[in-house]
Amino acid sequence: MKLEKIVGVCLANALRSKVIEVCSIKTITDLKVDVEVTSRGVKADYWKNVVAGKEEIPEKYLIAAIQRANTNPMNYSENIKNMLEQGLEQEIIARHILGEERLNYKQIIMRFCEKKGLFLPPGFHRQLTEKDYEQSHMIVASDAERELIDLPDERITILGIKDVLGGTYQDKKPVLEEIHFKVQNVMHSIIEKYL
Amino acid sequence: MLKDMYNMSFRHEWGEPVPLCLHDTFTYAFIEHENLPWNDISNSITYLIQPDNAGGYIKENEFQRRGRKLGEFFLNKKNIPWLIDNYNKIIAEVKVFLDKIEKTNFSKMTKEEIYPYYKKFIKLRNKTTRWYRGTRHEAEYFIGKIIRDKIVKHYSNVNEIFRIITDSPYTDPIGEEQEDWLRLLEKKATKNDFKKHIKKYSMFFTNIFSKEELYRTIKDRYKKDKPKIAKLKEKKEKSEQKRIELAKKQKEILLKINSKDVEDYLVLFHRFGEYRFRLKPGYAGIEVLSLDMLTRVAELANMRLHDFYELLTVKESLDFFKTEKLPTKKVLDDRKIARVHLIRNKKQYTLQGQEAIDFLNKTVFKIDITKSEFKGTPACHGKVTGKVKLVLSNKMDEINKALNEFEEGQILVTHNTQPNMVPLMAKAAAIVTAQGGITSHSAVIAREFQIPCIVGIESVTMFLKDNDLIEVDATNGTVRKL
């Protein structure tokens, strides 16, 4: 197969896969290989709908979102704090929490890219589609996403980065560094496989 | 086998006359303990002799062992964020559950349909109780010791300084409730406003088993407080001012002590007081917001909700869904007189009627009632002499009755105050409780109202009776019968 595309994949294409994308672009450029790099979420549309209120938030995520905001209220806006104090319906608050976290992720990635001198292409929360399977190699965040992708093992690299929601730049820094390190490590063997 | 317990010595731990299902829930935490150090208890006794002689006891050596374990646990600072995170998870779980049942119509549900909801209700109540105990005052004792050791190097009046810095400068849920209540008083409150208030502060309305009674209670309070709005506002403003002054004083003291350890432990102290209130609705108040569901469950069991809640153990209520069986009328009638719910080697037993009273006489009632001086933890300083007013029930109508009977200068003596006792506490010349530490409800409110208060005098409610003349020295933590 002629490799035309490297796709970074996580669940929602909010943080991990986007970081895989930016790190891959840098490594590919350094290696002077002409391959397109992009990122997708296996369940990006679903999570987009959850945050938009078109889908119900699974109870586990609903509880976890409220828990995060109560444990670290300083990580969230005054708006969330007011909502928590006023005792609004928990699902409404949780949607706002998830929405804010997504916005924070964008800023976290931007900051990371600035510090590392990485190029940040536009586009978040893009759904993985059939087209992404064509002529591509996927760098997948963790085993959980791997199970949802129908592609032979040789066309997939699993980084082993688990999904941890919420948090500030400082909280996320170890994860970002881990992705950066792992992508640099795996890229050589991926390219060699197809050339 | 229970005869073994006659030779054991027990330590009084709590004494609220609560429904059997709650005594069951409290002690079930020792069985389904999740390896939490405060639940490491194998033998305990809880009882209620109607109308309000109630108690909770723990085997003496286990009580002491638990204290040591708790000390070790809390002195390890790494455990605290983990604990707080878990508290927040439970608080969120309870809120999500309550949102769900608010939207559900239970009126025509079958037993099979309602079972998952009831099971979840029980699960959450158990879980909250299991974790709530982590805010216990033994922990305060160990942490308090470290703080006192640091204070003594800089100040001679250790108790006074300790009291100032351990008092929380932040608005607690009691203060929040008062603020919300004032907002309602300032406008023409509707039923929807009352509903929202009850939902947010359900723990202030415990032991109410019908919606009619619930709204009657809140409307009565509204009518009573409406003319006093200016006075209540003034009180609130004063307490806000006090908080600002307190924060300032604390800053000065901490600057002088200059210890990161003390600062860290104080955050813990302040947050614990707060979490105690935030967790509480998960077991005391959750039933108020689940009235529709509980009413339907009791209807299916062909029992009055009050009896269903008051007289059945958790297991019996859950078994009903599987076997249709309930305890016999004789057993339930006996429980209306007296009951004991106990844990023996991590197994639960329930005794009722004369059998329960005989058991208590041979175990926990072996107390020397001639004692006349008692020592506890000072929670708000001051010295007062006055007559005892015992309030042993936390039921709303009993509290209202006590409120009407309460005379100027009387001293409130109780097991442990509840949020619905706040108006009563405001009238007292001093407050003495059998349970609690310096971040307990009694302590926080006493400091808010600046009323001398001593907490944690073991079994004090068994030694004192109405109109006994006592001297409360809340600076040294002693109560003396005169």
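Lettering of chains follows the sequences in order, A, B, ..., and the numbering in each one begins at 1.
Between B/K95 and A/I66, the closest side-chain pair of non-hydrogen atoms is not below 4.5 Å.
Summarising the local packing, NZ of A/K173 is surrounded by 12 or fewer heavy atoms from other residues, nucleotides or ligands at distances under 6.0 Å. Within 6.0 Å of the NZ atom in A/K48, the count of heavy atoms belonging to other residues, nucleotides or ligands exceeds 12. For B/K251, the NZ atom is loosely surrounded, since the number of other residues' heavy atoms within 6.0 Å does not exceed 12. Counting heavy atoms of neighbouring residues, nucleotides and ligands inside a 6.0 Å radius, atom NZ of B/K100 does not exceed 12 of them. Atom NZ of A/K43 has 12 or fewer neighbouring heavy atoms from other residues, nucleotides or ligands inside a 6.0 Å radius. Counted within 6.0 Å of CE on A/M1, heavy atoms from surrounding residues, nucleotides or ligands total more than 12; the atom is thus considered enclosed.
Between chain B and the residues A/E85, A/E89, A/R68, A/E91, the most heavy-atom pairs under 4.5 angstrom are made by A/E89. Counting heavy-atom pairs closer than 4.5 Å to chain A, the top residue among B/N88, B/N86, B/I90 is B/N88.
For the atom pair OG1 (A/T71) and CD1 (B/I84), the distance works out to 8.0 Å, reported to the nearest 0.5 Å. Atoms CG and OH, on A/N70 and B/Y275 in that order, are 6.5 Å from each other to the nearest 0.5 Å. Taking CG from B/D99 and CG from A/L62, the interatomic distance works out to 8.0 Å, rounded to the nearest 0.5 Å.
Using a 4.0 Å cut-off between charged nitrogen and carboxylate oxygen, A/E59 and B/K120 count as a salt-bridge pair.
For B/K196, no part sits under 4.5 Å from any heavy atom of chain A, backbone or side chain.
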